A.B. asks: 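After the structure tokens below, expect a handful of questions from me.
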Amino acid sequence: MRNRLTKEQAEQILSPFIPTITGSVKKGFRDYINSCARYSEKRSLELKARTKATMIHNLIIERIREAFEDAPGITVKEYRDVFGLHFRNQVFIRFNKFNSRLEPTKARTKQRTRFENQQTVIPGFPRKPMFLYAGYTFTPSMTGIGSINISCRFKGNKEWMMEIFSHKPVQRQIAIGEPQEKLVKVKQTNKLRKAS
């Protein structure tokens with residue numbers, strides 16, 4: 001029978017590994033930005049959103065694989081083309097991009113439905129651990145990771161979610177009646193004046 005863990009139980013199992021998970025996701029995204037920047041030095045690089053998401057996902061998976069390959073009690077493996085981390089037969093974490101509703105963006109396949117339903121038998125998958133998602137979103141400008149969450153889904157719905165990273169822009173609150181600062185627009189010039 002498949003383990004059913006509460007959020008608190010999952011947090012207890014995963015808490016020592018959360019910094020490594022968040023660090024690996026952020027490094028994978030940085031790898032994508034750096035590879036685009038290197039290419040763009042010579043010519044403009046225009047990619048479709050799906051291509052970007054696939055590249056980022058693959059780089060994140062490589063960073064996760066690198067970070068956990070020698071960790072005791074953790075198996076880094078693909079089960080039927082689904083990459084994940086298998087923690088001491090208690091938890092299996094699958095990595096996915098999340099949409100704005102913090103749900104997996106992948107198509108709803110039979111395998112995904114079984115995964116989210118916590119079905120006891122999925123051919124090729126371990127039988128006991130609870131299935132979880134580690135989902136990541138991007139910042140609105142797509143220049144960084146917006147959030148990373150670990151989510152338990154059951155019958156297509158979120159049972160619980162644990163936020164493990166969130167990029168929150170700093171906002172200054174203005175008191176009522178306080179004059180707002182004017183924005184300064186900087187004009188770029190082609191020629192720089194020589195210092196005298």
Side-chain angles (χ1 to χ4, degrees), residues 10-11 13-71 74-87 91-109 111-113 115-116 124-125 129 131-153 158 160-171 186 188:
E11 215 166 347
I13 294 165
L14 299 173
S15 62
F17 310 105
I18 285 174
T20 308
I21 291 171
T22 58
S24 298
V25 171
K26 289 192 264 183
K27 282 179 187 173
F29 188 85
R30 218 172 14 250
D31 291 341
Y32 161 75
I33 295 293
N34 291 339
S35 64
C36 288
R38 277 194 299 270
Y39 184 86
S40 295
E41 288 172 2
K42 295 182 181 166
R43 58 188 287 180
S44 177
L45 181 63
E46 291 183 32
L47 300 171
K48 295 189 186 295
R50 186 175 181 160
T51 304
K52 288 179 189 178
T54 300
M55 283 178 66
I56 293 165
H57 180 74
N58 289 344
L59 291 165
I60 287 171
I61 293 309
E62 283 308 308
R63 287 298 189 164
I64 293 286
R65 194 185 305 272
E66 177 185 280
F68 285 97
E69 68 184 347
D70 295 325
I74 299 171
T75 307
V76 180
K77 192 173 178 181
E78 270 190 39
Y79 295 92
R80 308 263 321 217
D81 294 327
V82 174
F83 172 85
L85 296 176
H86 187 187
F87 292 84
V91 173
F92 178 79
I93 298 181
R94 175 182 192 167
F95 291 81
N96 267 106
K97 179 183 176 290
F98 275 7
N99 61 24
S100 59
R101 294 182 310 276
L102 300 179
E103 298 171 342
T105 56
K106 295 238 177 201
R108 191 169 288 284
T109 61
Q111 186 185 70
R112 175 181 160 184
T113 302
F115 189 91
E116 288 187 7
F125 277 78
F131 292 143
L132 303 176
Y133 283 99
Y136 50 88
T137 63
F138 305 130
T139 58
S141 60
M142 209 165 164
T143 55
I145 294 293
S147 69
I148 306 170
N149 299 280
I150 294 181
S151 171
C152 173
R153 299 183 60 79
K158 177 176 61 179
W160 53 258
M161 183 170 291
M162 179 189 336
E163 183 182 284
I164 60 173
F165 171 79
S166 180
H167 170 79
K168 294 185 171 94
V170 178
Q171 293 180 344
V186 177
Q188 183 178 353

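Keep in mind that what you see is a predicted model, and the values were worked out from it rather than measured. Keep in mind that the numbers below use all heavy atoms, side chains included, and drop hydrogens, waters and symmetry copies. Numbers here are sequence positions counted from 1.
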A.B. asks: Any side-chain heavy-atom pair from I21 and F165 closer than 4.5 angstrom?
C.D. replies: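 When only atoms from C-beta onward are counted, F165 and I21 do not touch, as no gap falls below 4.5 Å.
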
A.B. asks: Quick check: do L132 and W160 have side-chain heavy atoms less than 4.5 Å from each other?
C.D. replies: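 A side-chain contact under 4.5 Å exists here.
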
A.B. asks: Roughly how far apart are I64 CD1 and E69 CD, rounded to 0.5 Å?
C.D. replies: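 Here the rounded value is 12.5 Å.
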
A.B. asks: Taking only residues two or more places apart in sequence, or in another chain, which ones meet R101 in a salt bridge (Lys or Arg N to Asp or Glu O under 4.0 Å)?
C.D. replies: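 R101 satisfies salt bridge (Lys or Arg N to Asp or Glu O under 4.0 Å) with E103 only.
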
A.B. asks: With a 4.5 Å limit on heavy-atom distance, are the side chains of M55 and L47 in contact?
C.D. replies: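 Yes - at least one pair of side-chain heavy atoms lies under 4.5 Å apart.
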
A.B. asks: Using a 4.5 Å cut-off on heavy atoms from C-beta on, say whether the side chain of I148 contacts that of F98.
C.D. replies: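 A side-chain contact under 4.5 Å is absent here.
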
A.B. asks: L85 versus F17: any side-chain heavy-atom pair under 4.5 Å?
C.D. replies: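 No - every pair of side-chain heavy atoms lies 4.5 Å or more apart.
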
A.B. asks: How many angstroms lie between NZ in K27 and CG in N34, if you round to the nearest 0.5 Å?
C.D. replies: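 The distance works out to 13.0 Å.
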
A.B. asks: Taking all heavy atoms of K26 and all of I145, pick out the closest pair and write down the distance.
C.D. replies: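 Between these two residues, the closest heavy atoms are CA-CG1, 4.3 Å.
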
A.B. asks: Heavy-atom count check: over 12 atoms from other residues, nucleotides or ligands less than 6.0 Å from K158 NZ?
C.D. replies: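 Result for NZ/K158: open.
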
A.B. asks: Measure from the ring center of Y79 to the ring center of F92 and say whether it is less than 6.0 Å.
C.D. replies: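 Yes; F92 has its ring centre under 6.0 Å from that of Y79.
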
A.B. asks: Taking side chain as C-beta onward, heavy atoms only, is P104 less than 4.5 Å from R153?
C.D. replies: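 Touching, per the 4.5 Å side-chain cut-off.
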
A.B. asks: Side chains of S147 and N149: donor-acceptor distance under 3.5 Å anywhere?
C.D. replies: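 The criterion, which ignores hydrogens and geometry beyond distance, is satisfied for N149 and S147.
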
A.B. asks: To the nearest 0.5 Å, what is the distance between SG on C36 and CG on D31?
C.D. replies: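 Taking SG in C36 and CG in D31, the distance rounds to 11.0 Å.
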
A.B. asks: Between M142 and I56, is any pair of side-chain heavy atoms under 4.5 Å apart?
C.D. replies: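 In short, these two side chains touch, coming nearer than 4.5 Å.
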
A.B. asks: To the nearest 0.5 Å, how far apart are SG in C152 and CZ in F131?
C.D. replies: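 Rounded to the nearest 0.5 Å, the SG-CZ separation comes out at 11.0 Å.
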
A.B. asks: Run the salt bridge (Lys or Arg N to Asp or Glu O under 4.0 Å) test against E66 and tell me which residues pass, sequence neighbours left out.
C.D. replies: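 E66 satisfies salt bridge (Lys or Arg N to Asp or Glu O under 4.0 Å) with R63 once adjacent residues are dropped.
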
A.B. asks: To the nearest 0.5 Å, what is the distance between CD1 on I164 and OG on S151?
C.D. replies: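 So the gap between those two atoms works out to 11.5 Å.
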
A.B. asks: Working to the nearest 0.5 Å, report the span between NZ of K48 and OG1 of T54.
C.D. replies: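 Answer for the NZ-OG1 pair, K48 versus T54, is 13.0 Å.
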
